[in-house]
There are 2 protein chains.
Amino acid sequence: MKKPTLASLAAELKVSRQTISNVINFPERVRDETRARVEAAIERSGYRPSAAARALRNQRAMALGMRLSPMRDGISGAFMDSFMREMVVAADRKGYRTVVFPALTRVEEVERLAELLGSLAIDACIITDTWTDDDRPERLQAADIPFVAFGRPWGREDHGAWVDVDGRAGAAEATRFLVGLGHELIGFIGWSDGSPVGADRKAGWEQELGLSAADADRLVIECDDLFEAGAEAMEQLLERGVTAAVCASDTLAVAAETVRRAKGMTDVAVVGFDDTTVSRAMGLPSVRQPVDEVARIALDLLLARLADPEAPSEGVLVAPVLETREG
Amino acid sequence: MKKPTLASLAAELKVSRQTISNVINFPERVRDETRARVEAAIERSGYRPSAAARALRNQRAMALGMRLSPMRDGISGAFMDSFMREMVVAADRKGYRTVVFPALTRVEEVERLAELLGSLAIDACIITDTWTDDDRPERLQAADIPFVAFGRPWGREDHGAWVDVDGRAGAAEATRFLVGLGHELIGFIGWSDGSPVGADRKAGWEQELGLSAADADRLVIECDDLFEAGAEAMEQLLERGVTAAVCASDTLAVAAETVRRAKGMTDVAVVGFDDTTVSRAMGLPSVRQPVDEVARIALDLLLARLADPEAPSEGVLVAPVLETREG
DNA sequence: GCCGACACTTTGAACGATCCTCGGAGGCCA
DNA sequence: TGGCCTCCGAGGATCGTTCAAAGTGTCGGC
């Protein structure tokens, strides 16, 4: 028993290929009785349209490409994985498959995407982890590769379509939460890697407290996004009299919280970022990035672009949510 | 400037399509001079063979399918993600793309795979997280879907091709390591979910110590794979006089280590499982599953199966490595 | 000078789905 | 009854690649 095709099914049912094709793609064009008969035959035979033939004929792969983001250190490292999950789910709902591929550098990423698009294996792509002066957007535009970015155009003019989470607002909300708990000296533990995302979060904290530059400097510690470094940073902040800390990641927050617990300081509070399983398990407040919403919006932007390549590209900023772990 | 195809390139170079095809697929069939000319033209024009047309003609998608494993709790949750990474890298090296898709249940996973295979979007698949009485292997066999499993056939007879890591040997090695450090009362913190993987690791510890059933019971605590539960378990083990603990995961091990540090017990030791970034950062010994090797072997088995569907299926057990964090 | 051997190269025919054009059946109105 | 329109379906052409088979041209041997 060979795999059924449009032609074989058509011969069997004594209708034309076109009729079956219509049943699948434009059911309203076919008479009810015929449609029912064809649908039954499709069901019975287990016929599945060949994605390859479709792609060839329609010049549409119905697939999206996405680089497998490199392994990250720390507890928050799984964050991009969860975004990828949501992206794949969203694409799936719209009938798009997702092709993942490895790449060591941004340049290689763009090369691979060009290859996949050129060979009609994907129609468009999603890029993540935009950075200051990231040149992928312009490379992709130059190569005519439709894309959407998770991450805004840090220091760029035109950047194509993008979605991002307002980290500044999230950090500000976390800070307000701590102020609401009665804290007055609230520190910030951030990243020392020059990440624009980290700078944005720090800005939210700073803005909310309206600190003088000198005070801000005293209350900030920037370090690697690692457990040990975070613990060290918390020790230092506590020595400086701080009673609460906003952290740029859950990795740092979990470390800070561990220090707090070790010292039994029940009047000290910590807020993290990314709402990871670990902070959730520890009952640690954390700023959640709504990845599902981000993925949905990103996909909508991408599909809009595919539908009308001439349309101007948009950027969307999504508000994060502080999970306070209360009631 | 449209996208070049075999035919357009051939016309431009005044050679036939087949010649260009040969340059790409069987370079030795083409005269050196012609080949050089064609290669230059390919380079210059940026020609890329259409994956869709190839798949259609060859009835080979040159792609593998893999379910996006559901989000896991805990620090070790990222483990399957790292396996997926290695799998994608290995496939890529052999010229295979990887298509990922979501699925809520094992049954849905198999359905999606059948659909992808039927529509010529993939040629084969990889399944992970095999469980006691997992019926995916037989479903896949019934549907004639080539596959390889990461995970052995727990309680099954014929299971097709598989690769797994010898968790029992890993736990035994961890235990030997602790014995070598002079520990005599070594406990085990495991999972309470009935996982065969967990049982295997526990068996390795038990076997190495040659305990009586009563003693073993007293030295084992099984709980959820969560930080809080692991910390609680460690507290209890310490009360029972244990001086070292083998843990079924890094999540539990990090929790146990945190308890140890909080109590300042420098003569107590903990060993984890999965060699995650967190345990690495804490300098905690951990049993590493060589995912890259597993992925390579899994892919080899899968490709062998595709090359010769009649060949008997194999199972391979890979030895894990204890990372002692010493010099 | 003819033949076969050999090394390349070309041509036609698939792979399976969809677009496009066209034809037949039936209904409606004059 | 004839003309016209609508609704469905039929068949050819097409997407870009590769296989199979047939076609060129060159050379040596007899």
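Please read these numbers as outputs of a predicted model, since none were measured by experiment. In what follows, every chain begins at residue 1, and chains take the letters A, B, ... in the order their sequences are listed. What's counted below: heavy atoms across the whole structure, side chains too, no hydrogens, waters or symmetry copies.
Salt bridge annotation for B/Asp134-B/Arg106: present, with a cationic side-chain nitrogen under 4.0 angstrom from a carboxylate oxygen.
Legend: residues meeting side-chain hydrogen bond (donor to acceptor under 3.5 Å, both in side chains) with B/Asp300, ordered by chain and number and at least two apart, are absent.
Distances were taken from every side-chain heavy atom of A/Val30 (C-beta onward) to each of D/dG9, C/dG16, D/dT18; the shortest belongs to D/dG9. Taking the side chain of A/Val15 as heavy atoms from C-beta on, and the options D/dA10, C/dG16, C/dT18, the nearest nucleotide is D/dA10. Closest to the side chain of A/Arg31, from the set C/dG16, D/dT17, D/dG9, is D/dG9. The side chain of B/Thr34 has C/dT9 as its nearest neighbour among D/dA10, C/dT9, C/dA17.
Between B/Arg29 atom CZ and C/dT9 atom P the separation is 12 Å, expressed in whole Å. Distance, A/Glu28 CD to D/dC7 P: 12 Å, rounded to whole Å. Distance, B/Leu9 CG to D/dT18 P: 13 Å, rounded to whole Å. When the P atom of D/dA10 is taken as reference, atom CG of A/Leu13 falls 11 Å away, rounded to whole Å.
In B/Glu43, the CD atom is not crowded: 12 or fewer heavy atoms of neighbouring residues, nucleotides or ligands sit closer than 6.0 Å.
A sub-4.0 Å separation between OP1 or OP2 of C/dT10 and a side-chain N or O of B/Ser16 is present. Close to C/dG16, at under 4.0 Å from its OP1 or OP2, lies no side-chain N or O of A/Ser50. Contact annotation: A/Thr19 side-chain N/O to D/dA10 OP1/OP2 distance is under 4.0 Å. For the pair B/Gln59 and C/dG16, the criterion of a side-chain N or O lying under 4.0 Å from OP1 or OP2 is met.
Helix-axis bend for the helix from C/dG1-D/dC30 to C/dA30-D/dT1: the local axis fitted to the five terminal pairs at one end deviates from that at the other end by 60°, rounded to 10°.
The shortest non-hydrogen separation linking B/Leu120 to B/Ala55 is CD2-O, 3.5 Å.
Pairs passing the salt bridge (Lys or Arg N to Asp or Glu O under 4.0 Å) check and including a residue from residues 61-71 of chain B, sequence neighbours excluded, read B/Arg67-B/Glu109.
Residue-to-nucleotide contacts include a donor-acceptor pair under 3.5 Å from the side chain of A/Arg17 to the base of C/dT18. One cannot find a donor-acceptor pair under 3.5 Å joining the base of C/dG16 and the side-chain atoms of B/Arg57.
Both A/Arg54 and B/Asn58 sit near DNA chain C, but only B/Asn58 has its closest nucleotide nearer the 5' end. Of the residues near DNA chain C, B/Gln18 and A/Arg48, the one whose nearest nucleotide (by heavy atom distance) lies more toward the 5' end is B/Gln18.
Judged by distance alone, the side chain of B/Arg136 and the main-chain N or O of B/Thr128 form a donor-acceptor pair under 3.5 Å.
Among the protein residues, A/Asn22 comes within range of no part of the nucleic acid, since none of its heavy atoms lies under 4.0 Å from any strand.
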